[in-house]
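Reviewing the structure listed below.
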Protein chains: 2
Amino acid sequence: MADLPNGSCCSLNPLELFEQVTAQGEKVRSLKAEKASKDEIDAAVKLLLSLKLSYKTATGQDYKAGSPPADFTPLSNGPGNAEEDDFVDPWTVQTSNAKGVDYDKLIVRFGSSKIDKDLINRIERVTGHKPHHFLRRGIFFSHRDMNQILDAYENKKPFYLYTGRGPSSEAMHVGHLVPFIFTKWLQEVFNVPLVIQLTDDEKYLWKDLSVEKAYQYAIENVKDIIACGFDVNKTFIFSDLHYLGTSPEFYKNIVKIQKHVTFNQVKGIFGFSDSDCIGKISFPAIQAAPSFSTSFPQIFNSKHDIQCLIPCAIDQDPYFRMTRDVAPRIGFPKPALLHSVFFPALQGAQTKMSASDPNSSIFLTDTPKQIKTKINKHAFSGGKDTIEEHRKYGGNCDVDVSYMYLTFFLEDDDKLEQIKQAYSSGALLTGELKKTLIETLQPLIAAHQQRRKQITSEEVKQFMTPRKLAFDY
Amino acid sequence: MADLPNGSCCSLNPLELFEQVTAQGEKVRSLKAEKASKDEIDAAVKLLLSLKLSYKTATGQDYKAGSPPADFTPLSNGPGNAEEDDFVDPWTVQTSNAKGVDYDKLIVRFGSSKIDKDLINRIERVTGHKPHHFLRRGIFFSHRDMNQILDAYENKKPFYLYTGRGPSSEAMHVGHLVPFIFTKWLQEVFNVPLVIQLTDDEKYLWKDLSVEKAYQYAIENVKDIIACGFDVNKTFIFSDLHYLGTSPEFYKNIVKIQKHVTFNQVKGIFGFSDSDCIGKISFPAIQAAPSFSTSFPQIFNSKHDIQCLIPCAIDQDPYFRMTRDVAPRIGFPKPALLHSVFFPALQGAQTKMSASDPNSSIFLTDTPKQIKTKINKHAFSGGKDTIEEHRKYGGNCDVDVSYMYLTFFLEDDDKLEQIKQAYSSGALLTGELKKTLIETLQPLIAAHQQRRKQITSEEVKQFMTPRKLAFDY
């Protein structure tokens with residue numbers, strides 16, 4: 001049977017199969033209507049049954065006329081048109097739009113809530129602090145149950161913060177600071193404990209890295225995190241590879257989560273396949289577990305009902321949708337979330353940032369000169385091709401990476417608005433816009449490097465030692 | 001399309017699919033040979049392709065003429081006739097034979113080696129000790145790489161012992177002592193360190209148990225294990241739920257194993273399905289990890305090349321086949337194994353022992369009276385229906401549970417042989433055989449209970465504290 005196109009038949013995807021079943025169903029109906037011969041009808045029915053079986057085996061669901069296999073794309077992206085829509089999961093962010101991912105659509109698909117003016121006003125009212133510019137400018141744009149956290153805070157019920165980082169390399173870029181800058185602000189205005197997870201085990205499982213290297217990256221990243229200015233009395237930082245082996249309570253929560261999530265579920269949420277290693281398949285439980293206060297008995301005195309608030313980039317949401325699904329079934333409160341947009345690559349919001357391409361972002365180790373050269377040379381510009389055209393038509397802030405970076409790092413709202421007006425009108429040239437960004441980032445990164453240099457291994461050890469924090473439970 | 005038998009088509013198993021593909025292939029060939037119409041051939045080819053797709057989706061393999069899907073049954077049982085053969089995996093042991101599982105067949109299927117007279121003689125020669133009656137009587141009947149261990153021992157190269165228990169309930173029965181009795185003998189004759197794993201996490205994942213209950217069962221079981229007489233200076237006993245959270249090195253080995261085993265592999269070896277929880281799917285790595293000396297840095301001074309010898313019941317072999325496959329890929333020596341037969345239920349070797357049925361075995365908590373009653377009332381007899389017939393035809397030791405139990409617990413070879421002769425000839429009646437068993441087990445269990453009673457929580461803690469043992473590395 002070597003003459004048969006064996007390979008081609010096996011590459012049908014569920015949607016193609018769906019269409020085949022539908023077409024064959026119509027054929028059977030029309031043969032019956034035409035009163036075709038029994039043999040002919042039987043052959044057509046046989047093929048139909050076989051196609052239906054293929055469909056069921058491929059999708060795990062019975063064929064249902066009129067319901068194409070929407071769930072075939074990983075659940076994290078929900079139903080949608082693959083041609084038009086962005087793709088977002090914890091390992092891939094893809095968009096064909098120079099403005100970046102369509103976040104309003106993502107909110108609908110993920111089923112989260114928009115951080116609107118009302119919520120921002122409430123945060124201001126409740127905390128008595130002006131909302132962080134990440135909130136004012138929509139950089140943290142989506143949430144789950146943030147009102148519950150504010151209710152609790154108003155009622156003097158405790159909560160805690162949890163964020164994290166996957167230490168895939170020694171070098172972090174400025175975008176990696178976003179969750180930490182915001183989490184630090186949240187910690188200061190709410191005065192609550194904070195736990196920070198370094199998923200070095202995840203990086204070992206996903207990357208071509210040794211366990212030792214992954215742990216070493218974690219420690220280097222911890223120094224950058226500490227350099228953001230966290231308070232050692234209120235913050236516990238941990239590496240999975242180490243903390244998991246020092247806390248039976250953390251492991252117990254992991255096993256509890258692992259008992260309540262099936263392979264089918266992680267397949268749907270994360271797109272895992274049968275040829276993925278069992279480490280990847282069970283890892284989501286390890287990122288989920290810090291959402292429960294009993295994972296840190298030393299901090300929360302083994303209390304199980306202290307709610308958690310997780311600031312993170314929206315691509316991490318699949319982990320916490322899973323966590324929120326499991327939480328009530330193992331007797332814990334669901335974590336609340338605050339989601340940020342993605343930090344764009346220098347080359348534009350639709351390209352991928354990559355730690356192996358030093359020109360794809362500004363790294364925390366860059367010199368002032370490197371910062372200047374990279375921005376001038378690589379930052380995608382929304383300006384026009386010639387000065388004349390630019391003066392006439394103005395630049396486009398929506399796709400200009402230098403402007404985007406300023407929305408993250410230029411704190412002065414008035415100055416940012418002036419720049420936007422001037423650039424859009426053509427009064428401000430690309431070179432001048434880039435100069436502002438360079439002058440914003442150079443001192444920010446120099447100060448970071450200065451703080452990082454002073455961090456001793458003793459200090460790292462202090463942050464990473466399981467201990468009581470400055471809160472009583 | 002409600003008139004189509006949707007359900008029935010979806011229940012084809014891989015073998016049926018294989019047969020359908022084969023038949024349809026023949027049909028295509030004969031149509032071509034007959035020079036049938038293009039339409040007819042096309043329709044037949046379409047159906048063939050669709051069937052091949054179904055086959056590939058169901059089995060993960062391309063259809064290959066003449067090679068039926070042998071691997072569809074869990075690999076642990078290998079190819080074989082499901083009608084005739086026994087089924088053995090870590091959770092199920094099934095046989096329809098009153099003599100019990102066919103162990104010679106199992107050796108062939110599992111690909112292990114028989115413990116033959118030569119190997120037993122070599123053990124005697126190398127250790128200078130008379131082989132344990134579990135060896136002499138074929139109770140430990142199969143091995144992997146035992147000659148390698150003996151080579152190492154002769155060359156003064158160190159090795160260590162690893163065995164374990166899944167604490168599914170507080171009560172252990174006499175059969176549960178088998179691996180511990182034998183391991184204790186091995187430890188004494190070879191004078192090597194021993195680690196004993198209590199898989200309380202496994203029991204939490206598989207059973208309807210809380211984490212706390214599983215850990216509590218582990219501690220109760222540890223007392224029974226200690227009561228077997230292990231030397232605290234040479235033995236480390238640990239519960240997964242606790243030790244995993246106190247040893248980063250143990251967790252690192254688990255993650256290393258988890259990176260090198262796919263879901264496809266554990267599906268093949270253990271028969272897991274997509275609806276199994278991710279805890280079960282990743283658990284095999286946790287039972288595998290103690291096979292590597294770096295999981296116990298406190299004992300082996302972080303040396304990575306100390307080989308491990310695992311005495312266990314043959315149903316645990318799938319875990320260690322997986323471990324042996326992974327070992328060289330992560331730089332560790334493959335563990336060697338010694339496999340025992342299963343301990344039969346009182347009701348007969350083909351029935352299941354169950355902790356929830358107190359009459360299915362003799363428990364370590366039974367009183368002398370309970371032992372007597374259970375054996376007299378429930379032990380399956382190979383004797384004849386009437387005394388007259390028994391005297392005339394003799395009893396059948398091969399299916400007599402009391403006799404089987406004596407092979408485990410009556411150390412005196414001569415006495416056992418006399419009993420066999422007398423019972424087979426009809427000189428010894430069932431009641432008399434049972435009396436011998438009762439008189440063997442009563443003092444054995446009473447002594448066990450006596451030793452167990454004296455075990456303090458301090459002693460349990462000592463055995464379970466990660467520490468250096470009385471060996472230098």
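Basis for what follows: all heavy atoms, side chains included, without hydrogens, waters or symmetry-related copies.
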Heavy-atom closest pair (B:Y204 atom, A:H260 atom, distance to 0.1 Å) is OH-CE1, 3.6 Å
Let's test your reading of the structure: which of B:A285, B:S210, B:P284, B:G279 forms the most heavy-atom pairs below 4.5 Å with chain A? B:G279
If every non-hydrogen atom of B:K259 is compared with every non-hydrogen atom of A:K207, which pair is closest and at what distance? NZ-O, 2.8 Å
Exercise: identify the closest heavy-atom pair between B:F263 and A:I281: CB-CD1, 3.4 Å
For the residue pair B:K252 and A:Y215, would you count it as a cation-pi contact if the rule is NZ or CZ under 6.0 angstrom from the ring centre and within 45 degrees of the ring axis? yes
Hey, could you give me the CD/CG distance between B:E249 and A:L241, rounded to the nearest 0.5 Å? 9.5 Å
Answer with side chain, backbone, both or neither: which region of A:E202 has an atom nearer than 4.5 Å to a non-hydrogen atom of chain B? neither
Residue among B:L47, B:L244, B:V211, B:L205 with most heavy-atom pairs under 4.5 Å to chain A: B:L244
Side chain, backbone, both or neither: which part of A:I286 has a heavy atom under 4.5 Å from chain B? side chain
Identify the heavy atoms of A:T246 and B:P248 that sit nearest to each other, and give their distance. CG2-CG, 4.1 Å
Which portion of A:V255 sits near chain B, non-hydrogen atoms under 4.5 angstrom: both
Could you check which of A:I254, A:N264, A:I278 has the highest count of heavy-atom pairs closer than 4.5 Å to chain B? A:I278
With distance as the sole criterion, is a donor-acceptor pair present between the side chains of B:Y251 and A:D201 under 3.5 Å? yes
Using a cut-off of under 4.5 Å on heavy-atom pairs, state which of B:K256, B:H242, B:K280 scores highest against chain A. B:K256
Heavy-atom pairs under 4.5 Å with chain B are the metric here; pick the option from A:D276, A:D274, A:T262, A:I257 that has the most. A:D274
Does the side chain of A:V261 come within less than 4.5 Å of B:C277's, by heavy atoms? no
